[in-house]
Amino acid sequence: MKTLYISLKIFLFFTILTGIIYPLMVTGIAQLIFPWKANGSLITKDNEVIGSKLIGQEFDSIIYFSSRPSAVSYNPLPSGGSNYGLTNTKLKELVNERKKQFIAFNQLDSLTFIPLEMLFASASGLDPHISLNAALLQVERIAKARNYTETQKQKLLECIKAHTEKPQFLCFGEERVNVFLLNLDIDKI
Amino acid sequence: MITRDFIQIILFIVLLIGLTPVLGNYMFKVFNGKKHIMIPVLGWLEKLIYKFTGVNSGEEANWKTYTFGLLMFNLIGFVFVFLIQLFQAYLPLNPAHLTNVSWHSAFNTSVSFMTNTNWQGYAGETTMSYFVQMIGLTVQNFVSAATGIAVLLALIRGIARKTTDNLGNFWTDLTRSTLYVLLPLSILFSIVLVGQGVVQNFKTYETVQTLEGSQQIIPMGPAASQIAIKQLGTNGGGFFNANSAHPFENPTPLSNFLEMLAILLIPAALTFTYGKMVGSTRQGWTIFSVMLILLIAGLSISLYAEYAHNPIFGNLHLMEGKETRFGITNSVLWSTSTSAASNGSVNAMHDSLSPISGMIAMINIMLGEVIFGGVGAGLYGMVIFIILTVFIAGLMVGRTPEYLGKKINAFEVKMAIIAVLAPNIVILLFAAWASVIQPGLSSLNNSGPHGLSEILYAYSSAAGNNGSAFAGLNANTMFYNLTLGIGMLIGRFGIIIPVMAIAGSMGRKKITPLSAGTFRTDNSLFIILLIGVIIIIGGLTHFPALSLGPVVEHLLMNLGITF
């Protein structure tokens with residue numbers, strides 16, 4: 001009986017400490033030091049929230065850079081990947097289809113090497129990034145669809161460059177381009 | 001692989017080695033009631049806890065009393081988390097208006113978080129209210145890790161002390177590890193994570209009009225505080241469904257690197273604490289070496305498999321289920337670490353790893369979660385293998401086996417065997433059962449040998465208290481919720497109870513002084529023997545099952561066959 005009382009009291013104490021005080025304290029500090037990040041790195045346009053810097057969006061339109069394939073179509077409720085094994089026939093068919101589609105959509109040579117992330121779905125289904133190569137392969141199509149002049153096309157390339165994130169501290173992770181931020185910016189060209 | 005890939009891996013290993021004595025020494029001070037830097041900050045709180053609960057911190061217990069307290073405390077945690085899930089719709093902090101959780105899913109989840117497994121049959125953002133995540137799950141993240149440390153401390157005291165029944169005080173061990181180790185590290189780490197972009201708020205989900213004009217609902221919540229302890233406490237239960245692949249849970253390569261390091265940090269440092277407590281840091285480093293060698297071996301095979309060409313997709317590396325910002329190397333480094341350390345968080349979908357990489361993750365779990373392993377749990381699991389190793393070595397040279405001056409007798413070996421068998425029985429029997437009945441098979445996402453791998457991985461993950469998954473398997477069914485829940489209980493307490501019995505029995509023994517005939521347990525010969533025993537026991541038990549799953553899948557993949 002004594003053990004039960006002690007257990008209950010200790011449990012109550014730790015519930016208050018680690019379940020209430022700890023998250024509230026972290027929230028307080030986080031909201032004070034990094035309010036924008038703590039609230040989801042949200043991006044606004046004309047005073048309307050149009051997305052988060054960190055959460056990818058689906059782009060079907062010919063005037064925007066395409067995001068990676070997503071198993072959840074960029075719907076975050078809930079996030080997730082395809083969970084297809086490599087010997088799954090569906091995955092093989094999907095990859096072939098995406099390859100054809102990417103080539104046709106961007107009017108590329110059929111032998112072009114398509115960056116891998118454009119053929120395979122991400123883990124979260126919300127991956128906001130593609131590789132620099134994948135962005136460059138889409139430039140011609142977008143410039144054409146938007147009837148860009150040569151100077152505007154140069155601006156587009158500069159825009160891509162500006163949105164290319166190098167590996168963090170030169171050694172962590174991969175080089176990548178944030179598709180959502182990029183598309184947001186090319187509307188201003 | 002390019003230079004940058006190698007730099008990241010080397011940096012990871014160097015930091016792990018470098019931080020081990022620092023944190024290990026600090027924990028030694030904490031657990032032995034010595035003066036340390038956090039006493040001026042939080043010492044008053046420890047005293048307050050004892051005063052409020054009536055715990056006498058000087059009072060020590062024998063193994064049965066210690067274990068009874070532990071079980072009682074865990075039971076209360078289980079009941080509480082179970083109940084708040086059943087009634088979450090009537091509780092506060094539920095801005096997304098999530099409904100009550102089904103009883104079998106609630107059972108599974110509360111067992112899962114109590115046992116430090118953090119297997120998740122549910123998707124966080126569409127199932128659990130902020131109330132449950134915070135007051136239920138975050139708390140269990142702390143105390144289940146602290147429970148693991150407490151068991152380890154009792155075992156160490158049993159080894160290091162002589163002719164005594166006293167193994168320490170469960171309540172002070174629990175309090176000190178939570179208050180001085182887990183809590184300060186978590187506060188620090190969660191702030192760093194928010195600095196990288198992890199969300200930490202109590203807002204309602206944000207509904208936005210995307211650039212193309214469709215609607216996207218972005219989930220929110222107090223994520224950073226839970227993610228910090230989920231990594232540090234080798235828990236692994238994600239705030240969001242995609243776990244640490246979710247951009248809100250792991251936004252940048254730096255957050256990724258730190259989260260990966262946090263997985264192994266405490267289990268690695270505990271080997272140093274162990275060495276100090278048994279009176280020889282060399283003993284601790286010996287265990288550390290065994291763990292590191294096995295980790296690097298698994299990592300190398302896994303990287304090789306992931307970068308190898310495969311005929312199904314032509315000359316392509318595989319980005320299915322991986323995030324662009326992390327790339328392949330970081331995904332594999334994570335999958336190896338998380339499975340070795342009984343963490344179970346993921347930054348890539350293990351279901352879509354190449355068959356051999358997926359198998360390495362599975363083997364890491366099947367070997368008994370001793371390659372760093374869970375907080376506390378990895379090391380007491382390793383001591384079980386050490387007992388078996390000195391027993392086998394003793395048989396070979398014809399001497400009574402000894403470990404650190406303690407004679408190993410039939411009782412310890414019997415208990416060690418129970419602890420080794422308990423999780424393995426769960427894996428093989430449950431997986432065999434699930435793979436022949438309809439409720440088991442209807443949850444599969446992949447067919448062919450990969451389907452068997454999904455089932456095998458699920459029960460390994462449960463029995464090893466890991467929590468990662470081949471997540472294509474729809475585990476939120478009554479069959480899987482119940483069988484996996486039972487598997488987690490056996491995998492946790494089927495080891496803890498024999499370990500505590502060993503601790504009790506070792507504590508009562510005398511210490512035999514070192515002599516020329518003593519079999520040394522701190523040299524390279526012992527490292528090789530111990531690795532051999534771990535691999536032989538794990539390998540012989542699971543090779544047949546693995547050959548039907550990932551091995552055959554690998555061979556068929558190389559022939560270009562799909563299912």
Side-chain angles (χ1 to χ4, degrees), chain A residues 3-4 6-11 13-15 18-19 22-23 26-27 29-30 34 37-41 49-52 54-55 57 59 61 76-81 83-89 92 95 116-117 120-124 126-130 167-168 171-174 176 183-184, chain B residues 4 7 49 53 69 72-73 76 123 125-126 134-135 138-139 142-143 190-191 194-195 197 199-201 208 210-212 217-219 222 225 240-242 245-247 251 253-254 257 312 316-317 319-327 348-349 351 354 445-446 448 450 471-472 553 557 562-563:
Chain A
T3 314
L4 179 66
I6 293 182
S7 302
L8 276 171
K9 283 184 189 165
I10 291 245
F11 182 73
F13 204 99
F14 279 128
T15 301
T18 62
Y22 161 67
V26 172
T27 310
I29 301 173
F34 307 111
K37 285 175 173 169
N39 291 326
S41 311
V49 181
I50 52 160
S52 161
L54 297 171
I55 306 286
Q57 298 187 359
F59 292 101
S61 162
L77 296 179
S79 51
N83 284 307
Y84 287 143
L86 301 188
T87 52
N88 195 321
T89 313
K92 187 182 170 181
V95 169
L116 303 168
E117 74 279 5
F120 292 103
S122 62
S124 61
L126 307 172
D127 193 346
H129 298 114
I130 58 176
Q168 216 168 356
C171 72
F172 293 124
E174 307 288 323
R176 59 211 185 274
N183 282 335
L184 192 62
Chain B
R4 197 171 62 237
I7 293 175
I49 295 177
T53 55
M72 183 67 82
F73 179 75
I76 290 170
E125 57 270 58
T126 52
M134 235 171 78
I135 291 172
T138 304
V139 176
F142 278 97
V143 295
S190 44
I191 305 293
V194 178
V199 292
Q200 179 74 21
N201 59 53
V208 303
T210 65
L211 208 48
E212 283 199 341
I217 299 174
I218 299 175
S225 53
F240 302 109
N241 191 41
H246 197 292
L254 179 67
F257 186 83
I312 295 176
L316 299 180
H317 296 324
M319 280 298 282
E320 184 70 22
K322 299 191 181 76
E323 298 282 298
T324 312
R325 61 193 179 284
F326 308 141
M349 292 299 132
D351 218 345
S354 66
N445 184 45
N446 290 283
H450 198 75
E553 190 195 358
M557 180 186 81
T562 58
F563 294 90

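So that the names make sense, note that chain A is the first sequence line, chain B the second, and so on, each numbered from 1.
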Nearest heavy atoms of Ile217(B) and Leu77(A), plus distance in Å: CG2-CD1, 3.7 Å
message: With rounding to the nearest 0.5 angstrom, report the CZ to CD1 distance, Phe13(A) to Ile49(B).
response: 4.0 Å
- request: Output yes when a side-chain donor or acceptor of Lys37(A) lies under 3.5 Å from a complementary backbone atom of Gly195(B), and no otherwise.
  value: yes
message: Hydrogens and angles aside, do Thr87(A) and Glu553(B) bring a side-chain donor and acceptor to less than 3.5 Å of each other?
response: yes
- request: Pick one of side chain, backbone, both or neither for Ile130(A), based on which atoms fall under 4.5 Å of a heavy atom in chain B.
  value: backbone
- request: Give a yes or no on whether the backbone of Phe142(B) and the side-chain of Thr18(A) come within a donor-acceptor separation of less than 3.5 Å.
  value: no
task: Starting at OG of Ser124(A), measure out to CE of Met349(B) and round the result to the nearest 0.5 Å.
output: 7.5 Å
- request: For chain A, find which of Met557(B), Met319(B), His317(B) contributes the most heavy-atom pairs closer than 4.5 angstrom.
  value: Met319(B)
query: Of the backbone (N, CA, C, O) and the side chain (C-beta and beyond), which part of Thr126(B) lies under 4.5 Å from a heavy atom of chain A, both, or neither?
result: side chain
message: Please determine whether a side-chain nitrogen of the Lys or Arg among Glu174(A) and Arg4(B) lies less than 4.0 Å from a carboxylate oxygen of the Asp or Glu.
response: yes
message: For Leu254(B), is there any backbone N or O sitting under 3.5 Å from a side-chain donor or acceptor partner on Gln168(A)?
response: yes
task: Please round to the nearest 0.5 Å and tell me the distance separating atom CD1 of Ile6(A) and atom CD1 of Ile76(B).
output: 10.5 Å
message: Please rank His450(B), Arg325(B), Glu323(B) by heavy-atom pairs under 4.5 Å with chain A and give me the top one.
response: Glu323(B)
query: Under the 3.5 angstrom rule, does the side chain of Gln57(A) hit a backbone N or O of Leu211(B) as a donor-acceptor pair?
result: yes
message: Please check this pair: side chain of Glu125(B) against backbone of Ser79(A), looking for a donor-acceptor N/O pair closer than 3.5 Å.
response: yes
message: So for Ile191(B), is it side chain, backbone, both, or neither that comes closer than 4.5 Å to the heavy atoms of chain A?
response: both
- line: Scored by heavy-atom pairs under 4.5 Å with chain A, the best of Pro247(B), Ala348(B), Ser354(B) is Pro247(B)
Minimum heavy-atom distance between Ala123(A) and Gly321(B), given as atom pair plus value: CB-O, 3.1 Å
- request: Indicate yes or no for a side-chain donor-acceptor contact from Asp127(A) to the backbone of Thr324(B) under 3.5 Å, with no hydrogens or angles considered.
  value: yes
statement: Taken to the nearest 0.5 Å, the spacing of Glu212(B) CD from Asn183(A) CG works out to 8.0 Å
message: With rounding to the nearest 0.5 angstrom, report the CG to OG1 distance, Asn88(A) to Thr562(B).
response: 8.0 Å
query: With a 4.5 angstrom heavy-atom cut-off, which part of Phe563(B) approaches chain A: side chain, backbone, both or neither?
result: both
message: Under a 3.5 Å distance rule, please check whether Asn446(B) uses its side chain to pair with a backbone N or O of Gly85(A) as donor and acceptor.
response: yes
- request: Measure distances from Val95(A) to the heavy atoms of chain B and classify the residue's part below 4.5 Å as side chain, backbone, both or neither.
  value: side chain
Atom pair CG (Leu8(A)) and CE (Met72(B)), whose distance is rounded to the nearest 0.5 Å: 8.5 Å
query: Taking the six-membered ring for Trp, are Phe14(A) and Phe73(B) parallel (under 30°), tilted (30 to 60°) or perpendicular (over 60°)?
result: perpendicular
message: Between Leu86(A), Leu54(A), Val49(A), who has the most heavy-atom pairs with chain B when the cutoff is under 4.5 Å?
response: Leu86(A)
